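Before any comments, here is the structure.
Only this structure's heavy atoms are used, side chains among them; waters, hydrogens and symmetry mates stay out. Everything numeric in this text was worked out from a predicted model, so none of it was measured.
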Number of protein chains: 2
Amino acid sequence: MDKEIVLKAIANDTRMSILTLLLRHNYCVRALANELDLAEATISQHLKVLREAGLLVGEKRGYFMHYDVERSALLELAKEIEALAGIEREGCRPEDRNDCPAVEEQACPKKGQCDDEVKEFCHGPGHGRDDGEGEGHHGNCSCHKS
Amino acid sequence: MDKEIVLKAIANDTRMSILTLLLRHNYCVRALANELDLAEATISQHLKVLREAGLLVGEKRGYFMHYDVERSALLELAKEIEALAGIEREGCRPEDRNDCPAVEEQACPKKGQCDDEVKEFCHGPGHGRDDGEGEGHHGNCSCHKS
DNA sequence: CTTCTAATTAGATATTGACCTAATCATATT
DNA sequence: AATATGATTAGGTCAATATCTAATTAGAAG
């Protein structure tokens, strides 16, 4: 499941409405168009977006398309967002360039002692100073300053 | 919480990256810009979107802004999506215009007997027939046809 | 096999969104 | 007070999205 595609699909008022309508009932495309006061072609395109996100499966029955919502896809998305919320803060490890601009002041093991590489990472080229003083505000990466 | 605004906020790759970075560490705007290879102004705009969606709270500390992710907002969103998946199919009630274009064939209490109003709702004006036959494919709303 | 009809696709247009540079703002430091 | 700096806002450009009408496709029905 491509999270971004699914999110984009439901991050639209019209498509969210289509989804909730289809969760409760079957609707043909024209019924959706009537209900939402949009052209059938417009609904069709929204349905395509929802389909391609894996949120709907369509089946043709007689003249009509019948769409079913893939509730499992919604549940999966909910899980992923929940997991996001569960990501924990990591400690500051200035020796690892990618971990530098980190965590709360009190948790930082190298408060006020970031090396040049770290300074450059935090503040960009030309912001770290080469004069070796390494003290005071400007020499610190963002996590070190009160 | 405005669900659509929150969804739009996270339905963007860059903003999702910002969010996951900030979940693990503090980053100043420039650090985010370096990390994601974008202009600071661009990051700032993304931060604004996330802030306005209630996903971040910012606090100025010294020179730097410190942003914290509102994990509760993410959890709330996850709950809402989960609730969405939990919406149940409702029975077909053709007597209620808004409930008509409904449910599975076997569950429909008025299979093949939709009245003109229902036909018009399902198929739009000019699709219901006035000849009173009311049988066969054309007289049925979408939920009645195999 | 021809006709009818629901749905989709094509093509056009207007709006929104993402990104940049430059200007401005707010706050620290001297 | 003057200056420096991190962040934000302003203004502009280009791409993506939402919507429409018109044309096409796919599948019944006669």
Base versus backbone protein contacts along nucleotides 10-15 of chain D [heavy-atom cut-off under 4.0 Å; B, S, -]: -B----

Rounded to the nearest 0.5 Å, what's the gap from [atom1] on [X] to [atom2] on [Y]? Could you check?
| X | Y | atom1 | atom2 | answer |
| --- | --- | --- | --- | --- |
| A:L21 | A:Y27 | CG | OH | 4.5 Å |
| B:R15 | A:E4 | CZ | CD | 9.5 Å |
| B:R24 | A:I87 | CZ | CD1 | 4.5 Å |
| A:H66 | A:E59 | NE2 | CD | 8.0 Å |

[X] vs [N]: side-chain N/O to OP1/OP2 distance below 4.0 Å:
| X | N | result |
| --- | --- | --- |
| A:T42 | D:dT21 | no |
| A:R15 | D:dT17 | no |
| B:Y27 | D:dG6 | no |

Atom [atom1] of [X] to atom [atom2] of [N]: distance rounded to whole Å?
| X | N | atom1 | atom2 | value |
| --- | --- | --- | --- | --- |
| A:L47 | C:dT8 | CG | P | 6 Å |
| B:Y67 | D:dA7 | OH | C1' | 8 Å |
| B:I5 | C:dT16 | CD1 | C1' | 14 Å |
| B:H66 | D:dA7 | NE2 | C1' | 12 Å |
| A:L32 | D:dA18 | CG | C1' | 17 Å |
| A:D13 | C:dT16 | CG | C1' | 15 Å |
| B:M65 | D:dT5 | CE | C1' | 15 Å |
| A:I18 | D:dA18 | CD1 | P | 11 Å |

Test salt bridge (charged side-chain N to carboxylate O under 4.0 Å, His left out) applied to A:E52 - qualifying residues, sequence neighbours left out: none

Over all atoms of both residues, closest heavy-atom pair of A:A53 and A:V6: O-CG2, 3.5 Å

Side chain of [X]: nearest nucleotide among [options]?
| X | options | answer |
| --- | --- | --- |
| A:K60 | D:dC20, D:dG27, D:dA7 | D:dG27 |
| A:N12 | D:dC20, C:dA7, D:dA18 | D:dA18 |
| A:A39 | D:dA7, D:dT21, C:dC19 | D:dT21 |
| B:H46 | C:dC19, D:dA18, D:dT21 | C:dC19 |
| B:S44 | C:dA18, C:dA6, D:dT9 | D:dT9 |

Touch class at under 4.0 angstrom, heavy-atom based, for B:L38 against every strand present: sugar-phosphate

Side-chain donor/acceptor of B:S17 to backbone N/O of B:D13, under 3.5 Å: yes

First of B:E40 and A:E40 reached from the 5' end of DNA chain C, by closest nucleotide: A:E40

Candidate pair B:R89 and A:D68, rule salt bridge (charged side-chain N to carboxylate O under 4.0 Å, His left out), full reasoning: CA-CA 10 Å; B:R89 234 55 209 288; A:D68 277 306; 3.8 Å; yes

